Amino acid sequence: MNDFSKYSDEHWMMQALELAQRAEAMNEVPVGALVIAGGEIIGQGWNTPITDHDPSAHAEMNALRDAAKVRRNYRVVDATLYVTLEPCPMCAGLLVHARIKRVVFGAYDLKTGAAGSVMQLLQHPELNHQVEVQGGVLADRCGEVISGFFQRRRKEIKQARQTKNNES
């Protein structure tokens, strides 16, 4: 348990996983995020870049936009962001600019992770704000959701190709 929440990190990550299901239902990469302050949800989001035709519509971006509106401030200080996948460089930059206090993520992203896997932007000493980072919370479960999504998508693409070839 941390100073900003009456619930455990695992509790909030389970909530983020529920938001990831919303993304998957839209055929988006299943990533969910929520912002917690004072033990309450003040922002939530899930991936919608395909649906919204917006490359910036990552779960973290959507959750922070929501939280900033609630706060009526572009800074979201003294808050924790929970996200099912390690933030990418774009989202890490957003978290620094928003002055998020802490980021808790589930699965590590070995291709684009910017909270320690590929690079460490959230705690870069040259930046004017450093974010506390806790990775690997419910990592297996979060990773399974994303892996399952991509396995399904590859299977669908293969079946579509086979159907097309059979029609020719």
Side-chain angles (χ1 to χ4, degrees), residues 1-24 26 28-49 51-52 54-125 127-143 145-146:
M1 191 139 45
N2 61 59
D3 295 335
F4 303 105
S5 174
K6 58 187 174 188
Y7 298 108
S8 69
D9 289 343
E10 290 80 10
H11 168 84
W12 294 120
M13 191 60 69
M14 290 299 296
Q15 301 291 315
L17 278 163
E18 288 180 18
L19 296 172
Q21 291 174 354
R22 292 187 187 185
E24 187 162 17
M26 300 167 70
E28 298 272 4
V29 176
V31 178
L34 51 102
V35 180
I36 305 299
E40 303 293 329
I41 297 172
I42 63 166
Q44 59 184 12
W46 51 92
N47 271 0
T48 60
T51 303
D52 292 344
D54 179 355
S56 72
H58 288 196
E60 301 95 320
M61 186 79 68
N62 290 333
L64 273 170
R65 285 178 178 147
D66 198 26
K69 287 178 184 171
V70 167
R71 286 270 177 98
R72 299 177 60 140
N73 193 327
Y74 71 108
R75 302 285 196 218
V76 187
V77 298
D78 294 328
T80 298
L81 176 105
Y82 289 86
V83 61
T84 57
L85 181 65
E86 180 179 1
C88 72
M90 175 184 70
C91 292
L94 167 72
L95 296 167
V96 169
H97 286 294
R99 304 296 193 265
I100 283 287
K101 172 88 173 151
R102 183 170 180 254
V103 170
V104 178
F105 68 86
Y108 288 85
D109 186 343
L110 302 178
K111 293 182 180 179
T112 64
S117 289
V118 176
M119 63 188 74
Q120 178 49 277
L121 291 178
L122 293 175
Q123 296 177 330
H124 194 286
L127 296 177
N128 60 350
H129 177 72
Q130 284 75 42
V131 180
E132 295 173 31
V133 177
Q134 174 66 53
V137 174
L138 300 180
D140 290 342
R141 189 175 220 162
C142 292
V145 168
I146 292 170

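As the structure is a computational prediction, the values presented were derived from the model and not from experiment. Numbers here are sequence positions counted from 1.
- For Ser56 and Arg65, the side-chain atoms include at least one donor-acceptor pair closer than 3.5 Å.
- Side chains of Leu122 and Val96 form a contact here, defined as non-hydrogen atoms less than 4.5 Å apart.
- Proximity of Gln44 to Arg22: side-chain heavy atoms (C-beta onward) are separated by under 4.5 Å at one or more points.
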Could you give me the CA-CA distance, side-chain angles and deciding distance for Leu94 and Met61, then say whether side chain to side chain contact (heavy atoms under 4.5 Å, CB included) is met?
-> CA-CA 7 Å; Leu94 167 72; Met61 186 79 68; 3.6 Å; yes
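- Summarising the geometry, atom CZ belonging to Phe105 is positioned 12.5 Å from atom CG belonging to Leu138; distances are rounded to the nearest 0.5 Å.
- The shortest distance between side-chain heavy atoms of Arg141 and Met13 does not fall below 4.5 Å.
- Put simply, the side chain of Thr51 reaches to within 4.5 Å of the side chain of Glu28, judged on heavy atoms.
- Proximity of Val83 to Pro87: side-chain heavy atoms (C-beta onward) are separated by under 4.5 Å at one or more points.
- The neighbour count for His97 NE2, taken as heavy atoms of other residues, nucleotides or ligands under 6.0 Å away, does not exceed 12.
- Here the closest non-hydrogen pair linking Asp78 and Arg71 is O-NH2, 4.1 Å.
- In this structure, Arg75 CZ and Arg99 CZ are separated by 3.5 Å, a value rounded to the nearest 0.5 Å.
- Contact record, Ala92 with Ala114: CB-CB, 3.9 Å, taken as the closest heavy-atom pair.
- Taking the six-membered ring for Trp and thresholds of 30 and 60 degrees, Tyr7 and Trp12 have ring planes more than 60 degrees apart, a perpendicular arrangement.
- In terms of heavy-atom proximity, Ala37 sits nearest to Ile42 at CB-CD1, 3.9 Å.
- Residues Leu64 and Leu95 have side chains in contact (heavy-atom distance under 4.5 Å, counting atoms from C-beta outward).
- Between atom OH of residue Tyr82 and atom CE of residue Met14 there is a gap of 14.0 Å, rounded to the nearest 0.5 Å.
- Taking SG from Cys91 and CG from Asp109, the interatomic distance works out to 10.5 Å, rounded to the nearest 0.5 Å.
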Where do Val145 and Glu24 land on the side chain to side chain contact (heavy atoms under 4.5 Å, CB included) test, with the steps shown first?
-> CA-CA 9 Å; Val145 168; Glu24 187 162 17; 4.3 Å; yes
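- Across all non-hydrogen atoms, the minimal contact from Ile100 to Leu81 is CG2-N, 4.2 Å.
- Counting only heavy atoms from C-beta outward, the side chains of Val35 and Ile41 never approach each other to under 4.5 Å.
- Using a 4.5 Å heavy-atom cutoff, the side chains of Leu34 and Leu19 are in contact.
- Counted by atom type alone, Asn62 and Thr48 present one or more donor-acceptor pairs between their side chains at under 3.5 Å.
- The existence of a salt bridge linking Arg102 and Asp9 is confirmed by a sub-4.0 Å separation between a basic side-chain nitrogen and an acidic carboxylate oxygen.
- In terms of heavy-atom proximity, Ala115 sits nearest to Val133 at O-CG1, 4.0 Å.
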Take Leu110 and Ser117 through the test side chain to side chain contact (heavy atoms under 4.5 Å, CB included) and record every step on the way to the result.
-> CA-CA 6 Å; Leu110 302 178; Ser117 289; 3.9 Å; yes
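- We find the SG-CG distance between Cys142 and Leu17 to be 4.0 Å, quoted to the nearest 0.5 Å.
- Between Ala33 and Ala63 the shortest heavy-atom distance is O-CB, 3.7 Å.
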